[in-house]
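All remarks here apply to the structure that follows.
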2 protein chains.
Amino acid sequence: MTKHITSIDVARRAGVSQSTVSRVFSDKHPAVSAETRQRVLTAAADLGYRPNAIARMMSTRRTHIVGILMANITSPFYPYVLEKFLQRLQALDRQALVFTASAHQDVDALLPLVLQHQVAALIVTSATLSSETADECARSGVPVILFNRYVRGGAASAVCADNVAGGRLAADVLLDTGHRRLAYIAGTPDTSTNTDRERGFADRLAERGDTSWRRAQADYTYETGFAAAHDLLAGSDPPDALFCANDIMALGALDAVRQIGARVPEDVSIIGFDDIPMAGWGAYHLTTIRQEVDAMIAATLDLLHAKLDQPDSPPVLRLIPGSLIVRGSVRGLDRTQESGA
Amino acid sequence: MTKHITSIDVARRAGVSQSTVSRVFSDKHPAVSAETRQRVLTAAADLGYRPNAIARMMSTRRTHIVGILMANITSPFYPYVLEKFLQRLQALDRQALVFTASAHQDVDALLPLVLQHQVAALIVTSATLSSETADECARSGVPVILFNRYVRGGAASAVCADNVAGGRLAADVLLDTGHRRLAYIAGTPDTSTNTDRERGFADRLAERGDTSWRRAQADYTYETGFAAAHDLLAGSDPPDALFCANDIMALGALDAVRQIGARVPEDVSIIGFDDIPMAGWGAYHLTTIRQEVDAMIAATLDLLHAKLDQPDSPPVLRLIPGSLIVRGSVRGLDRTQESGA
DNA sequence: TTGAAAGCGCTACCAA
DNA sequence: TTGGTAGCGCTTTCAA
């Protein structure tokens, strides 16, 4: 192992005290003469000194590290989210300790580990957090923001796409364009994104007098979306429109429709949710309800900092409206008809 | 802020010394009587004690944290890589501090920050590292493993797909199936993945007497792949086969071919590189050269631990062979003809 | 403006 | 098997 250079080495070389070296490298710049500072900086450069972030954390008992807890990174929606978070966090001079929860394993089990690392705050994405755990974080003084998830009555703030409104919008779009045999392809059960999208869709349909829509269960993957569409289309009196709880499943559904020799949108219309990059690709041209990811991320970081500045502020739920992105997978929709949700 | 519970609080409550508490929570379990341990554990549970990982690092001067430096998370190949790394690292009881380098910003600039956090090791993915920086890491005793990149003559070990062999394989496949007007769609210049794939392709073509292949520059995105294919196909005497430096561009190329009314593979064959999930989707059925990601990740972690155990071991370059995945985008290839690269 | 010294919460060594 | 104690490298009073 290489000998580690510490502030003491620098102090010795610069002929100053260790405290002075520390002052020079503190973020705020208190009372150090320009000349001394220069001497210290030179000595540090000569030695290749780098302040030890761990020791600094130890001493200040504060961390710049934000924990990110994420399941499902591979779902095409989340890599983008993660990258954005990392970029924004880095710009704010914060580091990110990232954890993934495999679907089966409980997110709550990961929490002690995260907390041990004294993270300044925690962002939880695509993974549910029990309200006990949320409370525990609150007790340790670690602000938690849920991204695209929320706990009912929990102690955690959350930022979500307005999934209910999105579901309603999908219902309106499909009905307005004259579709009459609707079906919903559901995402993973017990996720708030899925239940909210379905609820919005179902409620709006009911309001407009359609109670005969069908439903197939899938779990947010391409393969299950494909299979669900297949099943739906196989029966007699197949649906003429499919609302899919996310884009990936919608893409699978689209391929399924084509595979059985039907056309999109002439024979069946498809509308997705998310607006992932692939939705715009030539082979698909998926009409979808877009989540305003950038706005959601910005809101999350706002909430985070608000909570950091004011630890006692109450939890907040922030809903970010989405919007309809019109491409080619819904019959009777013309590309000027985009609207907010 | 909540009062923080320390090992001293636990010691007091359990009626033991602070050292004993520390022993109980050390990874290795030395010399603590079952009864004492139980008392300590109970007291800790009552108090909600959690060992402070920062203090532990400070004291041991070792970290379990691995830095991951990654650009391009959104390229569909990398989220999978990242998730796998996180999973494997977590299983090994290591945390991951993740940094992204936006393409423009120098990865080297991020390094001091990473090093300040006393990471035990560093994995660099999809981003080049100058050899100076690699040396600097070596000097600080931080093992660096490059994933899918290497620095010539550098001090860092690397794990790569065997891109040269993959390029050769693509050439053979296309020639063997009777294609005669070949073209290469290049990825981002100055990335070793691109240059190696191209070199393998070009060399093999030259060996077999084809020097008339064409080339279009793109940068690994769907859009540029689409545009490059468009250009290639627009001229007179358009190519009858396209080798794309990655799958995303191949998918773009495929959509471009269809858009101008040509058919894949009847009119033009396309072969990609990576085997991302979307390559298998119904709308594409892309024939491609697969990177054995799991093997690459395993090799990376092997190298990492080898280096950790034996800091003086020399840098290693490990090439992981890929294999041909036959789907429907190359004419004249029958699905039994898969082979190693 | 600078230096001395007291921690931060833990590990690890040495004695008992 | 346990307790005492000396750090780890830094920040942060408090004095000079």
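Here is the naming used below: chain letters follow the sequence lines, and residue numbers restart at 1 for every chain. Quantities reported herein were computed from a predicted structural model and do not represent experimental measurements.
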In whole Å, what is the span from the [atom1] atom of [X] to the [atom2] atom of [N]?
{"X": "A:Arg23", "N": "D:dC14", "atom1": "CZ", "atom2": "P", "answer": "13 Å"}
{"X": "B:Met57", "N": "C:dA12", "atom1": "CE", "atom2": "C1'", "answer": "18 Å"}
{"X": "B:Phe25", "N": "C:dG9", "atom1": "CZ", "atom2": "P", "answer": "16 Å"}
{"X": "A:Arg39", "N": "C:dT2", "atom1": "CZ", "atom2": "C1'", "answer": "11 Å"}
{"X": "B:Ile8", "N": "C:dT11", "atom1": "CD1", "atom2": "P", "answer": "12 Å"}
{"X": "A:Arg12", "N": "C:dG3", "atom1": "CZ", "atom2": "P", "answer": "14 Å"}
{"X": "B:Arg37", "N": "D:dT1", "atom1": "CZ", "atom2": "P", "answer": "10 Å"}
{"X": "B:Gln116", "N": "D:dC10", "atom1": "CD", "atom2": "C1'", "answer": "12 Å"}

**OP:** Could you check A:Val124, A:Val107, A:Thr125, A:Thr191 and say which one makes a side-chain contact (heavy atoms from CB on, under 4.5 Å) with A:Arg149?
**Re:**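 Only one of A:Val124, A:Val107, A:Thr125, A:Thr191 forms a side-chain contact (heavy atoms from CB on, under 4.5 Å) with A:Arg149, namely A:Thr191.
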
Original post:
Which residues pass the salt bridge (Lys or Arg N to Asp or Glu O under 4.0 Å) test with B:Arg88, sequence neighbours left out?
Top reply: none

**OP:** Only counting residues at least two apart or in another chain, list the ones meeting salt bridge (Lys or Arg N to Asp or Glu O under 4.0 Å) with A:Arg13.
**Re:**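 Salt bridge (Lys or Arg N to Asp or Glu O under 4.0 Å) list for A:Arg13, sorted by chain: A:Asp46.
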
**OP:** Classify the side chain of B:Thr20 and the base of D:dG3 as holding, or not holding, a donor-acceptor pair under 3.5 Å.
**Re:**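 When only heavy-atom distances are counted, B:Thr20 does not reach the base of D:dG3 through any donor-acceptor pair under 3.5 Å.
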
Original post:
Between the base of C:dA4 and the side chain of A:Ser19, is there any donor-acceptor pair under 3.5 Å?
Top reply: yes

**OP:** Answer yes or no: is there a donor N or O on one side and an acceptor on the other, between the side chain of B:Tyr220 and the main chain of B:Asn194, under 3.5 Å?
**Re:** yes

**OP:** Five pairs at each end of the helix from C:dT1-D:dA16 to C:dA16-D:dT1: take the axis at both ends and give me the angle between them to 10°.
**Re:** 30°

For nucleotides 6-9 of chain D, print each protein N/O atom paired with a nucleotide N/O atom at under 3.5 Å, atom names and distance only.
residue	atom	partner	partner atom	Å
D:dG7	N2	B:Ser59	OG	3.2
D:dC8	O2	B:Met58	O	3.4
D:dC8	O2	B:Ser59	N	3.4

**OP:** For residues 295-314 of chain B, pull every pair meeting salt bridge (Lys or Arg N to Asp or Glu O under 4.0 Å), keeping only residues two or more places apart or in separate chains.
**Re:**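 Checked against salt bridge (Lys or Arg N to Asp or Glu O under 4.0 Å) - neighbours excluded - the pairs reaching residues 295-314 of chain B are B:Asp302-B:Arg318.
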
Subject >> Qualifying side-chain hydrogen bond (donor to acceptor under 3.5 Å, both in side chains) pairs, either residue in residues 48-68 of chain B, two or more places apart >> reply: A:Glu136-B:Arg50

**OP:** Under 4.0 Å between any heavy atoms, over every strand shown, what does A:Ser33 touch: base, sugar-phosphate, or nothing? Just pick one.
**Re:**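 A:Ser33: backbone/sugar contact only, no base atoms under 4.0 Å.
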
**OP:** Look at atom CD1 of A:Ile8 and say whether more than 12 heavy atoms of other residues, nucleotides or ligands are closer to it than 6.0 Å.
**Re:** no

**OP:** Would you please say whether a donor-acceptor pair under 3.5 Å links the side chains of A:Ser7 and A:Gln18?
**Re:** yes

Subject >> Heavy-atom pair of closest approach, residues A:Ile68 and A:Ala96 >> reply: CD1-CB, 4.1 Å

Subject >> Earlier contact from the 5' end, DNA chain D, for B:Thr36 and A:Ser22 >> reply: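 Whichever sits nearer the 5' end wins; that is B:Thr36.
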
